[in-house]
Every structure is written in structure tokens, then in C-alpha cells.
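Working notes, beginning with the structure itself.
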Amino acid sequence: MSPVEIPAMPESTTPMAGELSAQALYEKCYSLSRNLWWTWHPEVTSIFRDLDPIRWRQLDHNPVSLLREFTPDRLATRASEMVMHSRINYAHRRLKEYLANKQTWAATHAGVLGNKPVAYFSAEFGLHESMPIYSGGLGVLSGDHVKSASGLGVNLVGVGLFYDQGYFKQQLDDAGMQTEENLDTKVESLPMEAALSPDGKPITVRVETRKGALFAKVWVMQVGRVKLYLLDCNVDGNSDEDRELTSRLYGGDERIRIRQELVLGVGGVKALRALGIRPGVYHLNEGHSAFGPLEVIRERMHDDGLSFSDALREVARQTAFTTHTPVPAGHDRFPGELVEEHLGPLRDQLGISYDQLMGLGRVEPQNQAEPFCMTVVGMKISRRANAVSQLHGHISRRMWAQLWPWKVEEEIPIGHITNGVHIPTWLAQQMLQLYDRHFVANWIYRMGEPEVWQSIHNVDPGELWETHNALKNQLLAFVRRRLSRQSRRRGESDEVVETARNLFDPNVLTIGFGRRFATYKRATLLLTNPDRLAALVNDKNRPVQFVYAGKAHPKDEPGKKLIQQIASLRKDPRFASKIVYVEDYDMNVCRHMIQGVDVWLNNPRRPLEASGTSGQKTVLNGGLNLSILDGWWAEAYDGANGFAIGHGQSHANDEITDKRDSEALFDVLEDQVVPIYYERDVDGLPRQWIKRMMNSISTLAWRFSAHRMVMDYARTCYVPAAGGLSCDMSGK
Ligand SMILES: *Cc1c(COP(=O)(O)O)cnc(C)c1O
């Protein structure tokens, strides 16, 4: 897209007293745009937005692209006009101070990592909507992990893949069918640079397979204090086909998948070595990177003359593995031929047989019929393994019990560290300001501590309610904008577009549902009883309105059917304008939704939601969770800090489960959620509801923060794995 013409403005290239030269100002904005630190500082984000609000939105909130449309002079003119010089100066100084500050939590609690960083491997990183190298929850979790590691000063580097087409953009056609459009992300529009070796040369890693080598270049992105390295196969030396290997997330077949995972794991370890980085700890976030430790074993055998089994033991001591998948079928498995084709050359160097290698990826090492499972090798190659919620810990121990046939279930060495979210990323600015007014000074540096959040009970209920409603209005404005745009794109009548512009009433209870449309998440659970749903949304005095959003994997036909069912409700007079679907769920849509809804709905089929994190984002902003007792909610709900659907029971089969859960969902909506929301006192305030908001914030915000999560990883995995004081987390 070409830059939009801006109206002529008076030339003012000579700075006024106290103002920076145009060049200096531009450089400050430029350096702010090159560190993703800006993504969790709303006051910095607003600098970019204020430079050109329209282009900002059109460019997907990408400051690198935005600045490319400015000359230093034009930037200076605009900054003077908007009186932004001191804001820019101040932001720039804060970033510099942040990077220089050595007095962090980790300096006193994880000092052993001082010169031996944690290498954190993940197939996706969700850092911001302008960086489309994530698809959903796993990626956003990795992004939040890296941001909190930065905040806590944990010495950590991220390792991932650069997808130049990212994950697809979603549109729905008239019939509600999902269509997918690939992006074409330009490297120049991202805050990435070629990563350099210690002698200043760009790095390309080479990974051998039985059918020739694969090459990947290495990019580096700065996330606060943390460096994130991304491997990219679009380089000379690769065949045309292999150049596209890292184009798309989860787009390919089994063969593409194993090649991506080879590049991520083995290529990632090679990249770190070429960079001169010697990690003290390897953290595999999900099984995709679990080939990596095999390359570390090769290094140890080569460097230190260890035998394979001694090197394996040493490397396992340094390695932590996090599993995210409670469904057996959800784990990556590869047939022997693909493993041999891709790991064969490394296996030769390790001096192990085909059967030995395959045995590492099998529950029963001798079972020739068993494929190679990335989770199994991840577990066998790491001393510390964990699930991502308490309930998921139980499920995982049961699921993988055969790996330790001599142990009883409680002794299976898989612990749990429940996921959390990066508070500054997901907290609305208005809520941040409210907390600033009422919490202890510098609370943001102590956000993982429970005491800090108790102060929410001292906030005036009216003030909290008013802040929440301001955020709700922002969400409704966003929904209207998106829905009218969707209507216009589909070529609908002016009348329909106009209706979309005036959708929704801010006084009506608003429930949000946004997530991947995997079938186990049961997005259509409410539709199992359309009459009861119609009664809810059309109640004269106490109506309810719903916002849905989410993508289905391109190959997930049943998931797409669910989207279609919900999107089609706009053609049913009982539900039109009451239940809407916002296209193209991403971090931006998610942020608007979780900041503005009254209630966040989550109704997966228990126990298939390993943790879930979107509900944790809602908590921070005063929304209440209404959820099945699954994932994080099973350990979070205390009876007064949100709403539970059912009692966490299991039933004979899916059909019965869905029926019971649907009834339980309607029951809690009709008997608790709706009445409590609409019960107002003389001041028009829903006192009981506000009480629940306060309970939710005080009991949950710190516990389900990424700061608490990363501190748990540091204490129970990283520090002991790096050779610090031992502290075993198994069976926690
Ligand atoms: C937080 C987030 C998720 C995770 O949602 P769950 O409901 O926990 O699965 C997925 N996608 C995006 C874009 C997110 O921001």
C-alpha cells in the first residue's frame, strides 16, 4: 500500500528550543520500534498511533512499516503538531533504563543463569498482531513467557521459526464458510535483523538429511532484554520446495512437518552454537523441538569425549520439557522411514543404531510397529517434564504411565506449572491507571505477589464499574466497526451495513467466546438448545448478547462447520444482531474482547483443555469467567470469583457429556449470571457482580500471571537444571 497523502503542513524543520533535531527524533522512534518492549507499554504504542491513526490501523499496528512512510522532517512536523517530543524522549529514556537495569528478580533468585542462558524452544511465538508467527494459544504463551523472562531479568534466549506467510487471514463468505488467505510478510517490515556470529558474520546453519542438506538463516528480534532467534529456510542452497519449508505454520504434510521440526530443534541448537551461545538449560515448549537435545548430545560427545549414554544423561539433566496436549492423537508421530531420512546422519555421528534411535521415541522401545513420538522423546531426553495445569498434570501422568511401568501413577515424574499471561500485554490502559491509583507504588514490579492485588477491595465499586463500562464501550465500537466492514465487503445493502454500525446495547450483558475452533472446545454448545438460547437473548428485561470469534485449522472441516453454524445465526431473526461473529481472530481481536466483555465463556469437553489462557486475560480487566471446570479454571474457581458450568464430573460418553454440560450451562446462565448482572442497587450498581469482579482480580490475577509462571520455571526447573540448588518438582 502506498502512503496516504497527508494535508500540507507548515514546514518546521528547525527545532524549537528544547526540541530534538528531526534526525535525532526519528532515530529515537526508530529504536523504540526495533524492540518489542513497546508492545506492552500503551504509552509508547500511543506515540506510534498518534503519528498517523489511520495508517496505524491499516498497517496492523506495525510501527516499523509506519515509520518507513515517514521522513525525519515529516515525523518532526507531526510530532511538533501533536506536542509529542517529550513523550518520545521519555519513552526512549525508559527503554534505555529498562535495558540497563541490573536489579531484577533473577539477579537475586536465578543468578546461576548469569552466564548460562536458558534456551527456550517453541514452534511459534505470539508477541503482537503485527508479527504473524503464531497461530493460537501455544504461541501466545511462548510470547508471554519471553516477555516475563525479560521483565524478571531471567537470562533466556528464544528459538523459533520465521514464517514469512505466517498463519492465514480469515474471512467468512456469505454462507459463513471460512476462507483462508496467506499473508506475505516482508522482512523489512519487521523488527528483525540478521543474527551475527561472534566475528560479525551472518549465520546460516546446515542440517544434513539422508537426501541432502537443509539450510536456514538466522534472524534476531529483541523482546525487551531477551533475544529471540528465528530460523528461516528461504535461502540460497535450498531447493525451491525447501525454501518454502518455513513459509507457513502447521500448513504442510507429515514430511514438511518433520523437516520443520528438524530445522527448529537441530538447526536451533546449531544456530546457538554459531552465535557463540552456550546454554545452561534447554527448555522444550511442546514436542516440536524435541530433536534438539540429540544435537546437544552430539556436541557433548564431540567436545568432551563422552559416550552416548553419558552424554544423554548429562543433557537430560539440563533439559526441561513442557507438554501441552491431553489427547493421545494430538502428539506428533512420525514413521521410521521419515525419521531415518531426517535423523540418519545425526544418528551416525551419535554411533547409535536405527532401533536405538527409534526406541527413544517409543513407549515400548522394541515395538517395531510403534511410530516415533516427539512427546516420548521429549520425556526421555529431559530430567524435568511438566504439564500446564494441575488437572493436566494428573491426565499426563496417567497418559504416559507406561513410560515408567515400575512406578505408581503418583510417582510418574511429570509435574505441572500452570500457564499464566503477561499482565502488561493484556491489561487495558484504563485498568492499569485504576490499579496505579489504588495499589502500592511500583506494584507493577510486584505483580506476581498476592498482597498487591488485595487492594482491589478498597476501590470504590462505582469507579471499578465505570472503568469496566468504558472498556465495554470500546469493545462494542470495535465490534460495530468490524461487522460493518464485513458486511460491506460481502456487498450487503446499505441498510445491513447501517444496522451493523448500530449494533448492541452497552447496558446489555455481553458474553464473549474467542478461541480456535477445535471441536473439543464445543463453540456451538449453546446451539444445542436454540429455544432456550432464543429466550435468553430476547428476554425483555434481562437480555444477553454474544460476540464470537475464532479460526479453524484449514484442514479441520468439522471446525469450519461450527464456525458456519454460528455465523449463520445472523440470518435467523431470533438471533440476528444478538449473536455476532467477528472475523480473523488474532491478538488484536482477542485483546479487544477480553478487555471489554462482562463474561468470558469457555465450554470445552473436560479434560481436553490443557490450561487455556484467554480467561486469565479477562480476569485482569474485570471480566468474569464462566467455564467448565477444566484446565486452569479447575484450580482457579473458588465459588465466588466467577462461574462454573457443572461440577467437573465425567460421563459415559461424549453425547451424554455434551447434553449434561449444555443443560448446566443454561442453568448457570439463567439462575446466576443473568440475575446477578441485572440486580441493581439504588445507585444503579450491581453490587454482587462487582464483588465477584473484585474477588476474581484479587484471587486470580497474580496466580495466573506469566511472572508467577516464569518464576516457577526458574525455581523448579531452570536453576536446578543449570546446576543451582536442586529442587525437584516431580509429582508436585
Ligand atoms: C490468548 C490467545 C489464545 C489462547 O486462547 P485459549 O482460549 O486459552 O485457547 C488463542 N489465540 C489468541 C490470538 C490469543 O490471544
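Atoms within each ligand, like the ligands themselves, are counted from 1 in listed order. All residue numbers refer to positions in the sequence shown, counting from 1. We use all heavy atoms of the structure for the numbers below, so side chains are in, but hydrogens, waters and symmetry mates are not.
Looking from atom 8 (O) of ligand 1 to the surrounding protein, the closest heavy atom is Thr613 N, 2.5 Å. Shortest contact from atom 9 (O) of ligand 1 to any protein heavy atom: Lys521 NZ, 2.8 Å. In this structure, atom 10 (C) of ligand 1 lies nearest to the protein heavy atom Gly137 N, 3.4 Å. Nearest protein heavy-atom contact of atom 11 (N) of ligand 1 is Tyr585 CE2, 3.6 Å. Protein heavy atom at the shortest distance from atom 13 (C) of ligand 1 is Asp586 C, 3.5 Å.
Note: Tyr250 and His553 fail the aromatic proximity criterion, with ring centroids not under 6.0 Å apart. The six-membered or imidazole ring of Tyr548 lies near that of Phe513, with a centre-to-centre distance under 6.0 Å.
Inspection of the His707 and Ser705 side chains reveals no N or O donor paired with an N or O acceptor under 3.5 Å. Side chains of Asp164 and Thr185: a donor-acceptor N/O pair is absent below 3.5 angstrom, by distance only. Side-chain contact, Asn285 with His324: a donor N or O sits under 3.5 Å from an acceptor N or O. Between the side chains of Trp219 and Asp232, at least one donor-acceptor pair of N or O atoms lies under 3.5 Å.
Taking every heavy atom of Gly612 and a limit of under 4.0 angstrom, the matching atoms of ligand 1 come to 8 (O). Every atom of ligand 1 is numbered from 1 in the order shown, and the set under 4.0 Å from a heavy atom of Gly136 is 10 (C), 11 (N). Close contacts of ligand 1 with Arg515, meaning ligand atoms under 4.0 Å from a residue heavy atom, involve 7 (O). For ligand 1, the atoms closer than 4.0 angstrom to any heavy atom of Cys590 are 14 (C), 15 (O). Contact atoms of ligand 1 toward Lys617: 1 (C), 2 (C), 3 (C), 14 (C), 15 (O) (distance under 4.0 Å to a heavy atom of the residue).
Using a 4.0 Å cut-off between charged side-chain N and carboxylate O, Asp173 and Arg490 make no salt bridge.
Proximity of Trp426 to ligand 1, defined as any heavy-atom pair under 4.0 Å, is confined to the side chain (atoms from C-beta onward). Neither the backbone nor the side chain of Arg591 has a heavy atom within less than 4.0 Å of ligand 1. Residue Val140 touches ligand 1 through its side chain alone, judged by heavy-atom distances below 4.0 Å.
The closest non-hydrogen atom to atom 7 (O) of ligand 1, taken over Ser611, Ala518, Ser614, comes from Ser614.
In this structure, Lys578 NZ and Phe575 CZ are separated by 9.5 Å, a value rounded to the nearest 0.5 Å.
The backbone N or O of Trp702 sits nowhere less than 3.5 Å from a side-chain atom of Arg708 that would complete a donor-acceptor pair.
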